[in-house]
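Notes follow once the structure below has been shown.
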Amino acid sequence: MTKLSQLVAYGGLLLAGFGRAAPDDDEPPLEPFTPKHEAGRCAIRGHCGSKSVFGSQLPCVDNGLAEEPDEKLREQLTELCGPKWSSGPVCCVKDQVESLKSSLSTANQIISSCPACKDNFFNLFCTFTCSPDQSLFINVTKTLEKNGKILVTELDQLVSEKYGTGFYDSCKDVKFGPTNSKAMALIGGGAKNYTQLLKFLGQERFGGSPFQINFPVEYSEPEMAPKDMTPKKCNDDDPNFRCACIDCPAVCPELPTVEKAGSCHVGALPCLSFASIFTYSVLLFTLAVALVGHVAWRRHAKRKSERLRLLTDATPSDDEDEGDLTQNGAMFDRPQKTYIINTWCDASFSRLGHVAARFPAITIVTSFLCVIVLSLGWSNFQLEKDPARLWVSPSSPAAEEKAFFDKNFGAFYRAEKVFLVNDTNPLGPGPVLSQDTLIWWMSFEEEVLDIKGKTNGSSFEDLCLKPTGSACVVQTVSAYFQNNPRLVDDDWKRTLRNCAESPVECRPEYGQPLDPSMILGGYSDPEDPTTATAMTVTWVLINHPEGSEELNSAMDWEEALKNRLLDLQVEAKARGLRLSFSTEISLEQELNKSTNTDAKIIVISYIIMFLYASIALGSTTLSFRDFLRNPAISLVESKFTLGVAGILIVLMSITASIGLFSWAGLKATLIIIDVIPFIVLAVGVDNIFLIVHEFERVNISHPDEVVEVRVSRALGRMGPSILFSAITETISFALGAFVGMPAVRNFAIYAAGAVFINAILQVTMFVSVLTLNQIRVEDSRADCFPCVQVKSARIHLSSSNGNQGARYYEAPEESLLQRFIRKSYAPTLLGKKVKAVVIVIFLGIFAAGVALIPEVELGLDQRVAIPDDSYLIPYFNDLYDYFEAGPPVYFVTREFNGTERKHQQEICARYTTCQQMSLTNILEQERKRPEVSYISSPTASWIDDFFQWLNPDNDACCVVRRKPCFEKREPAWNITLSGMPEGAEFVQYLDKFLHSPTDEDCPLGGQASYGSAVVVDSDRDTILASHFRTSHSPLRSQEDFINAYASARRIANEVSAQTGLDVFPYSIFYVFFDQYATIVPLTATLLGSAVVIIFAVAAVLLGSVLTAAVVAVTVIMVIVDIIGAMALLGVSLNAVSLVNLIICVGIAVEFCAHIARAFMFPSRTFMERAKNRFRGRDARAWTALANVGGSVFSGITVTKILGVTVLAFTKSKIFEIYYFRVWLALVTFAATHALIFLPVALSLLGGEGYIDPESDGGLEEDLASRRYRALVPDGDTDSEDED
């Protein structure tokens, strides 16, 4: 019989359960076996044999007097049970004391770290075995006669409530490091009070107590009473019995209170939300007061004026009515100054346009060759799919810590997890386990052992994790039945309940007790595991370095397991159950599948934008009336080919950007492939519309000039605007290059390159294509078929310079959109009352956006990133709903010199000289506040268990030449650490401990628990790395994961500050959640920097700080409104949404840049047509809207709305949430701010304008302007009343 079994015989650690034998009910009642109950008299003594050959020794019935022991027995008893046994008679013999010592040695390994618990435990059994007054508190109730001896089979022992409670309280918080659990689970079966503890200790079972010990609370025998014993407290006044903090909360120091992030609230509102709402309310109230005062003052002034008029008899002059002005008042305030930078830009783009138009073939071929050269980089194209490499910077702490952990302790194991759930019944969920289900499941687990990889032929046995060297780790409820279907009998529920109550009795083959929370979940009755709605099974494989043959074998086997589990889902469904699962390869496979699904939707989206752009461009010169009057015109005026060329240029810029940066070795990501076309189309199509629209205006105002000159004029006017947007967008995107997160950094670089290359191609290659298209049009050749001339689409007129050429019978009509903006929208928007309403509404939306910022959540739920029909969706749902255990977390030390006593005291916890704020003590204290720390289990401390392993009382642990290592050592082993090893001796014994097997004789052996937890440098006598293992509480949401990671960081920093150690936390999921530690300040920094750059570039290119400030504020408002919409639309902040916010900045600039420049450099042609009531900034704001408002709306707003709408039909949640919702908000807010708020803001606060060089050319330009006004008449009068 092993020592572990012997301990059970005296109430220790129990391994298995069988029913006890009882005498036949037909036997006549016997006389009392303990007839006399008095002081100095025994109840049992000595060993009288066993029930069977393999049974444990049972005590003899002996109601005789206690006897004085011989000297040797006295010495043994005093050494084992303490000095109080140094005198007086006893009721035990040598064999009993030796057996007791052997049994208690195992209990000593588990609880000796807490002297009070150990003393109470030893005192209970020493008193039970040897007390001279046994008969006063022990009564033998059943016996067995064998070989002429009477063996005790059952007895009653009286223990006072005071001692029982004190005993339980002193032991309930004691931890056993190797199993990372409470010692009570081992010595008391997880008892919740002292009666359960005593019941467990006295229960007869196989391999445990050989006879039944009952502990009745009340007893009818008048002469018997519990022995008066005073238990030691874990915080006892006697320091010799006081336990360490880790085992006794009462002696622990109090940790400082942790303030949760975002804890600032005013009532129920976050401080930021309250401040935003309050500020807006104050401004709104102030505005209301000002308006009331203004109205009152005007009425007062009007009455005063009327009285004065009556006195003077004055009559109003006709000249007072602005509507009667004979000249356009706006022209009196038109800009008079030039801006040198704009003039230079205008001239430069005019020359560039002239060259591109003069030599179109050379320009197109040269551009095409440059794109081909850059695109050769595709040969080096690499796509990064590994999430760890996408979302974590290689230089980030999380990545470096993961690399350190993997290098020193090995890569984190691979887990294959299955949930079996009974929730398919319409009446509601029910118990998942039944006798039939258990047997079926065990047969499948046997089948898993036979599954082999299709390619490498590896089996689970070849790949699994074997902590003890032989048995594989499989966490399954089958282990409670020894993985044997024959043990699942009709009484299976009792077996399950017993094992769940005391997992140590039903340990799986690999030896680790299996907590029911690891394998069962969804209890309808928390006290009854048979009511569990779900069970979970985990197969654990060893992980290996990427690219290794071992890893390929593991992935090959996982593929085979996945295929079998997919088939098993059908079998489970036939049984009325639901099976969900995940293998280690599943997530990446499903993510890739999601991308393939999204690709189709994205392509459709781009095709729709492409078709719209191609068709809409043709409408710039072709109206429906023209088509009806002469249908042949549509064949010539169509710009479908021009639109195709523009879109191809967009695609060429993307191809060139990817090729360029692929040359540089920059890996692309799926985000780049999916998103960059959207950005470049948004920017590129808008620029195409602007150039084409401006070119058509030049065709009207300067019809007699050659095509090259007209093209150069159009580009000269639009080029600086394109430059403005291209520079701001390129720099805004390029800011992301400074982010360590590869997904964001690479996207930013690729996007900046694509936008920049696209801008270059548009002002060169597209201008050349536009020139060729205009030559085709003027020669009346059909679009798409330029060799076919459509003569009916033209009439021949003599040009002013004598050249014969194609001339239209009239200028093309304004489009309905342009007419609406010029005649209705712009005049209405710029009315004083409307402007006030616009400011109030948009500031209100901005205040709401600010108020909603705190409501934006962090995280990216894995269920969002995979297809809706993925088999992983139910798995993640079950993981959150039913899994009752949290992921393991390791606190890792680097370069720790554990050979020195002061450093040992910085990490230990179970000894009196350990620092109160040592690493292990801090972790234990944090465990007691899981709502803040997210830590729920005791810490496995290798140094504490190492020193316990050295304890000579544990004579089966550290043994040299068959003797305990520290026996008769000076100074002796003790809880003050004074006798513990240091220096080279520490390293020597530590290495021995780490290779010591963990078995029943010595549960403290470090091989299984700590064999890979400590890296020893024997050459330098130091510890290169070690970890202290604990686990998180169950994490059921992204917020939980983020908070758990943040809490672990906080704890590690606190430990480092208190001890000076280099400590960091590590868990398998940390590398994916590291981004959230910095994503909020990173987002603010990126967006803030982009706005600053936008302001600086705008100030330089527009020549006005005020206008630049208005543009920057408008962009800020757009971004804040989008962030507020994210809170309402359920879009959380993560790397994906951060990329989208960067996109939003660029697109918002694109919306605003052209209107802002048209405001600063108003077209004379348009400004002359401004309403008479518009003067100064109002006139320039009207001019900007009339000039480019239509292009902004039709070129970018409608294009993006069409493209974004298609994304609503995607099957991928990640695209529906993070692209469709965000981009819809982007188009909505950017368009409304650019077309409504920005013109109003510019009319109120915009800077002083400048002369547009293209509109200021003396007599010639004046004649051209007059021609334009004559050809495009305005039916309305210029006179309008003020609104």
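In what follows, residues are counted from 1 in the order of the sequence shown. This is a predicted model, so every value here is computed, not measured.
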| field | Full working for side chain to side chain contact (heavy atoms under 4.5 Å, CB included) between Phe766 and Val692 | value | CA-CA 10 Å; Phe766 180 75; Val692 172; 4.0 Å; yes
| message | Evaluate Thr1197 against Val1227 for side chain to side chain contact (heavy atoms under 4.5 Å, CB included), listing each step before the verdict. | response | CA-CA 6 Å; Thr1197 305; Val1227 174; 4.3 Å; yes
| Yes or no on side chain to side chain donor-acceptor pair (under 3.5 Å) for Asn1140 and Trp1223, after CA distance, side-chain angles and deciding distance? | CA-CA 8 Å; Asn1140 272 329; Trp1223 289 353; 2.9 Å; yes
| message | Determine whether His1154 and Ser725 satisfy the following criterion, side chain to side chain contact (heavy atoms under 4.5 Å, CB included), listing intermediate values before the conclusion. | response | CA-CA 8 Å; His1154 307 300; Ser725 62; 3.9 Å; yes
| request: Kindly determine whether Phe349 and Met718 satisfy side chain to side chain contact (heavy atoms under 4.5 Å, CB included), including the steps that lead there. | output: CA-CA 9 Å; Phe349 278 105; Met718 286 294 108; over 6 Å; no
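For the pair Val1115 and His1233, the minimum side-chain heavy-atom distance is 4.5 Å or more. Leu761 is listed as a side-chain neighbour of Val371, based on a closest heavy-atom distance under 4.5 Å. At a threshold of 4.5 Å between non-hydrogen side-chain atoms, the residues His702 and Val709 do not count as touching.
Arg710 places a side-chain N or O within 3.5 Å of a backbone atom of Glu705 that can act as its donor or acceptor partner. Distance alone, capped at 3.5 Å, is enough to place a donor-acceptor pair between the Trp1182 side chain and the Arg822 backbone. Panel note: side chain Tyr750, backbone Leu666; a donor-acceptor pair is recorded below 3.5 Å. Side chain of Ser657 to backbone of Ser653: no donor-acceptor contact under 3.5 angstrom is found. Of the possible donor and acceptor atoms, one in the side chain of Ser768 sits under 3.5 Å from a partner among the backbone N and O of Ala356. With hydrogens and angles disregarded, no donor-acceptor distance shorter than 3.5 Å links the side chain of Thr338 to the backbone of Ile1251.
Pairing each heavy atom of Ala714 with each of Ile691, the nearest pair is CB-O, 4.4 Å. Ser350 approaches Ser712 most closely through the heavy-atom pair O-CB, 3.2 Å. Nearest heavy atom pair, residue Val1145 against residue Ser732, reads CG1-OG, 4.0 Å. Between Leu1235 and Leu1185, the closest heavy-atom pair is O-CD2, 4.0 Å. Nearest approach of Ala1112 to Phe1095, heavy atoms of both residues: CB-CB, 4.1 Å. The two atoms that bring Gly1189 and Ile821 nearest to each other are C-CD1, 3.7 Å, heavy atoms only.
Classified by interplanar angle (parallel below 30°, tilted 30° to 60°, perpendicular above 60°), the ring pair Phe747/Phe733 is perpendicular.
Applying the side-chain contact (heavy atoms from CB on, under 4.5 Å) rule to Arg781 yields the partners Arg776, Asp779, Gln789; only residues at least two apart in sequence or on another chain are considered.
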